[in-house]
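Let me begin by presenting the structure, written as structure tokens, before commenting on it.
Values below: all heavy atoms of this structure, side chains included; hydrogens, waters and symmetry mates excluded.
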Amino acid sequence: MEQIGDLLLEHLAPAGRARPFPLLFVHGMWGGSWYLRSYLDAAARDGWNAWAVNLRGHHGSRPVPDLGRVSVLDYVEDVRDCLRALGEAVVIGHSMGGLVAQKVAEGGGVKAAVVLTSAAPRGIVVLRWAVLSRMGRYLGPMLSGRAFGVTAAHARALLLNRIAPDRQAVLYSQFGPESGRAARELAFGLVPVDARRVRCPVLVVGAEHDVITPPAVQTTIARRYGAEYLEAAGHGHMLMLEDDWEPPFNKILVWLGRATHKEKA
């Protein structure tokens, strides 16, 4: 574990000849750098100086007095603080981290952005029945700005649905609390991103069996940015923790190799 200011990050140096830009992973709700380690390792082996940030209030990083009141824009500032130290970088964001990556790219300093099973910016409806039918339990914390956790049953149905049952409990035990305010902003599409200001190449990755941010949402995000779209067949929302995670990520690495050698017109 390394630090940029009071942010805690996992870091792996590149194997062999280094790529010209660092790569920064950004996790999603209830998560942390821990669930991105498979990607972190594969990226380092592919020559990337690979980092995975723990956003404020997660796993001891940038402690906050009240996690429940942290906004998505606070998380955006965490990533911008990382880029101030790392320089221009590739940003790969998952779920909530995907929206954070979009917002960061809007401000520049990003060589290329990859958004994985991403939350959507304002103007794209993301809520589907699988989430709406379970949302009542969380409305209190979301509306009042309190930290909250996801239940084991909901995690199995929405996050871990493509992971073997014997692994689900182990993975669930590592999920932590999340900001009610940030969850409200995601659920109701309150975070705008000006697509005209996203000047870097963007790859949007959906997953066939994702029930939180399904492929229809991801293709709409891709159209918003004129981005390339890749769909991970057979995968769900947490594709980096699932069996056969390597083929989709290898395609992402190939895309990055191309994208970092050209600028978006």
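- Note that CG of N54 and NE2 of H27 are 5.0 Å apart. Values are rounded to the nearest 0.5 Å.
- Follow the hydrophobic side-chain contacts under 4.5 Å out from L99 and you reach L190 in the same cluster.
- Note that the NZ atom of K111 and the CZ atom of R199 stand 13.0 Å from one another [nearest 0.5 Å].
- Using a cut-off of 4.0 Å between Lys/Arg side-chain N and Asp/Glu carboxylate O, R258 and E228 are scored as salt-bridged.
- Between H94 and Y35, the ring centre distance stays below 6.0 Å.
- For R62 (side chain) and L8 (main-chain N/O), no donor-acceptor pair under 3.5 Å exists by modelled atom type.
- The number of heavy-atom neighbours closer than 6.0 Å to CZ of R80, taken from other residues, nucleotides and ligands shown, is above 12.
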> Yes or no on side chain to side chain donor-acceptor pair (under 3.5 Å) for H11 and N49, after CA distance, side-chain angles and deciding distance?
Replying inline: CA-CA 8 Å; H11 175 223; N49 184 23; 2.5 Å; yes
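- Closest approach of V217 and V125 over heavy atoms only: CG2-O, 3.9 Å.
- By the 4.5 Å heavy-atom criterion applied to side chains, E178 and P141 are not counted as neighbours.
- Residues E185 and S71 form a side-chain contact, since some pair of their non-hydrogen atoms from C-beta on lies under 4.5 Å apart.
- In this structure, CD1 on I252 lies 5.0 Å from CG on L116, to the nearest 0.5 angstrom.
- Under the 3.5 Å distance criterion, the side-chain polar atoms of S95 are left unmatched by any main-chain donor or acceptor of G28.
- Atom CZ of F148 is separated from atom CG of L139 by 9.5 Å, given to the nearest 0.5 angstrom.
- Side-chain atoms of R146 and S144 include a donor-acceptor pair closer than 3.5 Å.
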> What's the verdict on side-chain contact (heavy atoms from CB on, under 4.5 Å) for T151 and R156, showing C-alpha distance, side-chain angles and the deciding distance?
Replying inline: CA-CA 9 Å; T151 70; R156 288 194 299 270; over 6 Å; no
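- L40 contributes atom CG, which lies 8.0 Å from atom OG of S33 (distance to the nearest 0.5 angstrom).
- Using a 4.5 Å cut-off on side-chain heavy atoms (C-beta onward), V191 and V76 make no contact.
- Annotation: side chain of I4 is in contact with side chain of L86 (closest heavy-atom distance under 4.5 Å).
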>> Working note: L73 + K103, criterion side-chain contact (heavy atoms from CB on, under 4.5 Å); need CA distance, chi angles, decisive distance, verdict.
In response: CA-CA 8 Å; L73 294 185; K103 192 68 178 175; 3.8 Å; yes
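- One finds the CD atom of Q168 at 5.5 Å from the CG atom of L160 (value rounded to the nearest 0.5 Å).
- Checking D244 against H235 by side-chain atom types alone, no donor-acceptor pair falls below 3.5 Å.
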> Would D74 and V64 count as a side-chain contact (heavy atoms from CB on, under 4.5 Å) if you check the C-alpha gap in whole Å, the side-chain angles of each, and the deciding distance to 0.1 Å?
Replying inline: CA-CA 11 Å; D74 291 326; V64 293; over 6 Å; no
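- Between P201 and Y225, every side-chain heavy-atom pair lies at or beyond the 4.5 Å cut-off.
- At least one side-chain heavy atom of V90 sits under 4.5 Å from a side-chain heavy atom of L256.
- Residue V193 comes nearest to R224 through the heavy atom pair O-NH1, 4.1 Å, listed as atom of the first residue, atom of the second, then distance.
- The shortest distance between side-chain heavy atoms of Q102 and I221 falls below 4.5 Å.
- Ring geometry for F249 against F25 counts as tilted: the plane angle lies between 30° and 60°, on a 0 to 90° scale.
- For the residue pair S118 / Q218, no side-chain donor-acceptor distance below 3.5 Å is found, with atom types taken as modelled.
- Annotation: side chain of T117 is not in contact with side chain of V205 (no heavy-atom distance under 4.5 Å).
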> Where do H237 and L158 land on the side-chain contact (heavy atoms from CB on, under 4.5 Å) test, with the steps shown first?
Replying inline: CA-CA 8 Å; H237 191 70; L158 301 175; over 6 Å; no
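- Of the options W51, W48, Y39, a side chain to side chain contact (heavy atoms under 4.5 Å, CB included) to L23 is made by W48 and by none of the others.
- The pair E77-R84 counts as a salt bridge, with a side-chain nitrogen and a carboxylate oxygen less than 4.0 angstrom apart.
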> Where do Y172 and W30 land on the ring pair (Phe, Tyr, Trp, His ring centres under 6.0 Å) test, with the steps shown first?
Replying inline: CA-CA 10 Å; Y172 175 72; W30 304 297; 9.6 Å; no
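- Shortest non-hydrogen contact noted between P215 and Y229 is CB-OH, 3.7 Å.
- Aromatic rings from Y75 and H58 are positioned such that their centres are separated by under 6.0 Å.
- In this structure, R37 does not pair ionically with D41, as no charged nitrogen and carboxylate oxygen lie closer than 4.0 Å.
- Checked for salt-bridge contact, D210 and R162 miss the test: no charged N lies under 4.0 Å from a carboxylate O.
- Between D6 and R56 no salt bridge is recorded (no basic side-chain N to carboxylate O distance below 4.0 Å).
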